[in-house]
Amino acid sequence: MSNGEPIISSTIPNTHNTSNQNLKVFKRDPQHRIFVNRGLHLDKIKFYGFDMDYTLAVYKSPVYESMGFDHLKARLVDIGYPTDFLRFEFDPAFPVRGLWFDKIYGNLLKVDSHGNILVCIHGFRFLKPHEVQELYPNKYIQLEDSRLYVLNTLFNIPETYMLACIINYFETNKEYSKTKTGVTYSNIHMSFKSIFQDARAAVDWLHSHGDLKSSTMANLEKYVHKDDRLPILLDRIRQIGAKTVLITNSGYEYTDKIMTYLLDFPEKYGSRHWTSYWDCVVVDAMKPLFFEDGTILRVVDTETGALSIGHHLGPLKSGEIYSGGSCEVVSRLLGAKGSDVLYVGDHIFGDILKSKKIRGWRTFLIIPELTTELQVWTEKKQLFDNLTRIESALSDIYKHLDSSTLERPDTSIISQKLRAVVHELDMSYGMLGSLFRSGSRQTFFASQVRRYADIYAASILNLLHYPFCYMFRAPAMLMPHEATVDHYSVNDVDSMPIVFRSRSSSDAGCDALASKRPREKSTEQAVSWP
Ligand code: U5P
């Protein structure tokens with residue numbers, strides 16, 4: 001294993017970025033790397049908190065989603081939707097995580113970090129720019145609007161595809177008449193909002209009462225990835241004196257089955273109960289409520305699954321299983337304060353945003369799609385280069401024009417080329433493109449990752465490739481005025497603009513100021529999240 005420092009052996013130009021920075025070449029394989037938004041010193045972490053589903057237990061794709069989709073269509077038929085729904089087949093190439101569903105117009109929206117609509121799809125029909133403009137003035141929508149539901153998690157993938165299938169079914173079936181906000185059959189009007197609510201409730205029902213969990217437990221090998229490095233990772237965390245904490249929304253029975261499967265390697269590591277890998281286990285956590293008021297903390301009777309009566313007041317014992325509680329109570333009983341904890345989860349809202357915003361925990365987001373995203377990023381380099389070339393040709397058209405220009409340059413051909421490359425690039429990921437971008441524009445999901453995940457990777461096992469004293473350092477973040485202006489560009493004093501505000505009177509003034517400012521104690525202090 002390496003000593004943890006990135007090895008800068010050469011530099012390559014960063015062609016598909018507006019930045020003129022050079023990329024370092026890192027020693028670790030990209031698929032093993034952990035990416036950094038904010039500096040994090042692992043040495044300071046005393047508690048490693050883990051979510052279970054899609055973090056420790058990574059469901060196999062597309063077989064797990066396909067099974068979820070089949071259960072979902074059966075449930076929708078059971079509650080009264082047409083039996084034709086049973087003919088729907090899950091298509092993994094269609095859905096991408098992070099889309100917004102507009103309950104009023106029944107559209108799936110791919111949105112950038114500011115709320116600008118990048119892609120709008122009704123059923124399986126991609127709306128044209130003028131149609132998007134008609135429904136959403138300025139092709140813009142705000143998340144505060146309660147009409148929107150963010151399909152944030154990997155559990156939402158079957159549901160995303162189902163919403164498209166249902167809307168496509170009603171839109172293309174002549175027996176149904178269409179309105180702007182729903183469909184009518186006989187005397188019954190079904191708004192897109194009610195269709196959405198039915199689909200959402202059906203998904204929740206599958207998780208809490210349906211056969212999704214029993215089907216999974218009956219065939220764990222088919223649905224859940226198992227890796228013999230997981231026990232090693234958990235043991236290594238405890239060997240360095242840190243504590244392992246499991247906080248899952250799943251119930252005891254399911255958690256027990258999944259964790260037994262994930263941590264049971266009798267031939268390799270002897271027979272060992274899964275709870276022996278954990279200092280604290282919390283099931284039925286009800287995140288994100290767990291990070292706010294939470295619920296009553298109870299002890300689970302592992303023989304019967306029954307919960308103890310009243311609040312458990314502590315202490316927390318390794319080997320016992322707790323149900324519910326709140327972040328505040330569990331942290332107090334463990335003796336953990338905000339920045340001592342690194343929480344590893346896959347849910348950008350329920351795990352990462354809430355634990356960071358409310359509790360100040362350090363956050364590690366698991367993004368299983370990153371493996372494919374990195375594959376396209378590296379394999380389709382030529383397309384990214386084309387994109388850069390076309391964008392630069394587009395700016396060249398305007399390069400020598402100024403306010404005296406009266407004739408509007410014709411950019412139609414080049415814009416058409418740009419759209420064709422963006423389309424080809426999007427298709428390399430799937431029908432709805434990348435999780436993080438459309439062309440050069442970043443998605444809302446990408447902006448949330450940047451904002452709330454201190455570090456992120458495709459798998460928790462990537463932690464095995466770093467020493468526990470590692471200092472994750474974020475790449476420099478450049479503003480557009482820094483990313484697109486070379487340091488040497490403004491050396492020509494005659495071309496300097498008028499300085500409207502000056503914050504130093506002279507060089508001597510700067511020196512005087514520098515002597516007043518205390519030196520930073522450590523680099524980490526300078527880069528850590530406030
Ligand atoms: N879950 C639901 N409804 C959903 C999605 C997930 O109840 O729409 C459940 C899963 O079945 C799982 C839990 O038991 O939430 C997620 O647990 P975790 O990610 O906190 O481990």
Side-chain angles (χ1 to χ4, degrees), residues 48-61 64-65 67-69 71-72 75-76 95 97-99 101 149-163 196-218 220 223-225 230 244-263 274 278 280-292 294-295 300 305 321-327 330 343-355 361 363-368 459-460:
Y48 285 76
F50 291 90
D51 163 65
M52 184 176 81
D53 296 276
Y54 277 116
T55 300
L56 296 162
V58 179
Y59 295 99
K60 291 185 184 172
S61 178
Y64 178 75
E65 286 123 24
M67 183 265 284
F69 183 83
H71 280 305
L72 179 55
R75 173 66 184 165
L76 287 168
R97 185 151 64 117
L99 299 180
F101 185 75
Y149 183 86
V150 184
L151 295 146
N152 251 330
T153 80
L154 281 158
F155 280 124
N156 292 129
I157 292 285
E159 184 177 350
T160 303
Y161 189 58
M162 180 57 78
L163 287 166
F196 169 79
Q197 280 168 347
D198 286 343
R200 183 87 277 287
V203 172
D204 262 342
W205 185 88
L206 289 181
H207 281 271
S208 49
H209 302 96
D211 290 335
L212 187 72
K213 287 194 165 81
S214 52
S215 301
T216 312
M217 290 190 285
L220 286 167
Y223 296 121
V224 188
H225 287 284
L230 181 61
T244 50
V245 185
L246 174 64
I247 304 170
T248 174
N249 281 358
S250 285
Y252 170 64
E253 190 199 345
Y254 190 65
T255 305
D256 184 43
K257 286 279 181 316
I258 296 281
M259 294 311 298
T260 301
Y261 171 67
L262 290 179
L263 292 171
W274 68 268
W278 297 96
C280 175
V281 176
V282 180
V283 299
D284 307 313
M286 293 187 73
K287 294 168 285 177
L289 185 64
F290 179 82
F291 295 110
E292 298 181 62
T295 54
V300 180
I321 312 279
Y322 302 94
S323 163
S326 68
C327 180
V330 171
Y343 190 62
V344 194
D346 70 289
H347 194 325
I348 186 72
F349 183 79
D351 290 324
I352 300 300
L353 182 149
K354 286 291 177 183
S355 65
W361 283 4
T363 51
F364 181 4
L365 179 68
I366 300 305
I367 311 177
S459 160
I460 49 164

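Remember, it's 1-based here, ligands and their atoms both numbered in the order they're listed.
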Is a donor on one side and an acceptor on the other found under 3.5 Å between the side chain of [X] and the backbone of [Y]?
{"X": "K287", "Y": "I247", "result": "yes"}
{"X": "Y261", "Y": "V224", "result": "yes"}
{"X": "D51", "Y": "T248", "result": "no"}
{"X": "N156", "Y": "N152", "result": "yes"}

For [X], the ligand 1 atoms whose distance to one of its heavy atoms is below 4.0 Å:
{"X": "M52", "value": "21 (O)"}
{"X": "V203", "value": "8 (O)"}
{"X": "T248", "value": "17 (O), 18 (P), 20 (O), 21 (O)"}
{"X": "K287", "value": "20 (O)"}

What pair of heavy atoms forms the shortest contact from K213 to H207, and how long is it?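 Where K213 meets H207 most closely, the heavy atoms are NZ-O, 3.0 Å.
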
Closest non-hydrogen atom pair between R75 and L206, with its separation: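 Distance-wise, the nearest heavy atoms are CB-CD2, 4.2 Å.
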
Top protein contact for [atom], by heavy-atom distance:
{"atom": "atom 8 (O) of ligand 1", "value": "R200 NH2, 2.8 Å"}
{"atom": "atom 12 (C) of ligand 1", "value": "S250 OG, 3.2 Å"}
{"atom": "atom 3 (N) of ligand 1", "value": "D204 OD1, 2.8 Å"}
{"atom": "atom 7 (O) of ligand 1", "value": "H207 CB, 3.3 Å"}

Rounded to the nearest 0.5 Å, what's the gap from CE on M286 to CD on E292? Could you check?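 Result: 11.5 Å between the selected atoms.
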
Any N or O of N249 closer than 3.5 Å to N or O of ligand 1: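 Yes: some nitrogen or oxygen of N249 is under 3.5 Å from one in ligand 1.
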
Quick check: N156 and ligand 1, any N/O pair under 3.5 Å apart?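 Min N/O separation from ligand 1 is not below 3.5 Å for N156.
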
Look at the aromatic rings of F291 and Y343 and report parallel, tilted or perpendicular, splitting at 30° and 60°. perpendicular

Could you check whether the rings of Y59 and Y64 sit parallel, tilted or perpendicular, using 30° and 60° as the cut-offs?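 Y59 and Y64: parallel rings.
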
Quick one: are K354 and H347 in side-chain contact, heavy atoms under 4.5 Å?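 They are not in side-chain contact.
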
Using heavy-atom distances only, which candidate in D51, L151, T55, T255 approaches atom 18 (P) of ligand 1 most closely? D51

If you measure from atom 17 (O) of ligand 1 to every heavy atom of L212, L246, D53, which option wins on shortest distance?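 Residue with the shortest heavy-atom distance to the ligand atom: D53.
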
With backbone taken as N, CA, C and O and side chain as the heavy atoms from C-beta onward, which portion of [X] lies under 4.0 Å from ligand 1: side chain, backbone, both, or neither?
{"X": "M286", "answer": "neither"}
{"X": "H347", "answer": "neither"}
{"X": "E159", "answer": "neither"}

